[in-house]
Number of protein chains: 2
Amino acid sequence: MTQTRRDVHDVASERLRAIDQRYSTGRRKLVQILSSAVHPLVTTEITAAASDLPQSSVYRNLSVLEEAGVVVKVLTTGERSAFELAEDLKGHHHHLVCVDCGKVVDIDVPEDVERLLSDGVSPAIKDAGFTLIGHRLDLMGRCDQCSRSSRAANFSTTSVK
Amino acid sequence: MTQTRRDVHDVASERLRAIDQRYSTGRRKLVQILSSAVHPLVTTEITAAASDLPQSSVYRNLSVLEEAGVVVKVLTTGERSAFELAEDLKGHHHHLVCVDCGKVVDIDVPEDVERLLSDGVSPAIKDAGFTLIGHRLDLMGRCDQCSRSSRAANFSTTSVK
DNA sequence: ATGAGTGCAAAGGCTTTGCATTAGG
DNA sequence: CCTAATGCAAAGCCTTTGCACTCAT
């Protein structure tokens, strides 16, 4: 499961150094917050977790950390971007996204699914002239709360295939 | 590849009616544009394709069309949202995303992958208390151009017409 | 006629940037 | 010391909204 490796900070420091950036206290704090999160965080959650960090610093440092390959931007539903540690720091996983409230949960999928996602899609990308790097799988669903309140206006999201 | 089915407009009209909305000329135009696109479009591309539609109308109508289940918002890379026809109108498919320039191409994946994505992930979501609705698979890679230039000089989604 | 839809412009909200200050190497 | 990094405030940019006008029913 998504376990924080113990040397996240070392890796972060190393990668920042590689692009001539320092591992400042603000950046360390961001990495700390993200490494203890169990799901991607939006900037408001991050500033809430580190109320002393100004928004501009949060954005600026997340950007630097992203360039360094320490964090990645995660796209969910809604407009705001969320962040989490890079895959090799956090471990490969996928997201379960609530189509109603946008809530995101980290999950693992069975090994055979992973294997097929890595090996079984090659022909599909050949024609497009792409070089495959990885995949991003989001399972879309409705969370407990949203299922219960089952608020009106559920015309959308018809079934898949 | 999955293309505009015969009566997209009929379906759109029908679904709008179901939520007490009219199928106005502006909305018809949006559906027309999206149905002829080969990849999700961001609002700038849409307004470019229909220069007479004011942005406010584009946003407002896309929102209505989304509620009606005619279009869906697609999140790729970058901040801006893109739109495409709903799955049952466009056909189930996935996206091939260039990690450098953000270019998005519609693709199909092998049947066995689809099957596994629909059936093989149930245990993973049980614990989280989610009801599965569908999945979203993005294959991340590097497109021809970006592979060649090996540089991240970007701008999103290529133009359609 | 009558309310939905439209268009323009202004407002909103997240994100980025300029610039002077502070801190880490 | 010297440059990177920070913090505040202002600017940017995509998106939403108010309001009067137009169109379809």
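Two rings, from A:H92 and A:H135, have their centers less than 6.0 Å apart. The aromatic ring centres of B:H39 and B:H95 sit 6.0 Å or more apart.
B:D88 has a carboxylate O that lies under 4.0 Å from a charged side-chain N of B:R15, or vice versa, which qualifies the two as a salt bridge.
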At a cut-off of 3.5 Å, list every protein nitrogen or oxygen paired with a nitrogen or oxygen from nucleotides 2-7 of chain D, distance to 0.1 Å.
from	atom 1	to	atom 2	distance (Å)
D:dA4	O4'	A:R22	NH2	3.1
D:dA5	OP1	A:Q21	OE1	3.1
D:dA5	OP1	A:R22	N	2.5
D:dA5	OP1	A:R27	NH1	2.9
D:dA5	OP2	A:Q21	OE1	2.6
D:dA5	O3'	A:S24	OG	3.3
D:dT6	OP1	A:S24	OG	2.7
D:dT6	OP1	A:N61	ND2	3.3
D:dT6	OP2	A:N61	OD1	2.8
D:dT6	OP2	A:N61	ND2	3.2
D:dG7	OP2	A:S57	OG	2.9
D:dG7	N7	A:R60	NH2	3.0
D:dG7	O6	A:R60	NH2	2.9

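Going from atom CD of B:Q55 over to atom P of D:dG12 covers 17 Å, rounded to whole Å. The distance from atom CG of A:L16 to atom C1' of C:dG24 is 14 Å, rounded to the nearest whole Å. Atom CZ of A:R28 is separated from atom P of C:dA23 by 18 Å (rounded to the nearest Å). Atom P of nucleotide D:dA10 and atom OH of A:Y59 are separated by 18 Å, given to the nearest angstrom. Per the geometry, NZ belonging to B:K73 stands 15 Å off P belonging to D:dC14, to the nearest Å. Between the CD atom of B:E45 and the P atom of D:dC14 there is a distance of 13 Å, rounded to whole Å.
A:T43 comes within 4.0 angstrom of sugar-phosphate atoms only, judged by non-hydrogen atoms across all strands, and of no base.
A side-chain donor-acceptor contact under 3.5 Å links A:R17 and A:S13.
B:M140 has its side chain out of reach of B:L96: every pair of non-hydrogen atoms, C-beta onward, lies at least 4.5 Å apart. B:F83 has its side chain out of reach of B:L65: every pair of non-hydrogen atoms, C-beta onward, lies at least 4.5 Å apart.
Under a hydrophobic clustering in which Ile, Leu, Val, Met, Phe, Trp and Tyr are joined whenever their side-chain heavy atoms come within less than 4.5 Å, directly or via other members, B:V70 and B:Y59 fall into different clusters.
Helix bend of the helix from C:dA1-D:dT25 to C:dG25-D:dC1: the angle between its two end axes, each built from five pairs, comes to 30° after rounding to 10°.
Separating the CD1 atom in A:I46 from the CD atom in A:Q55 is a distance of 10.5 Å, to the nearest 0.5 Å.
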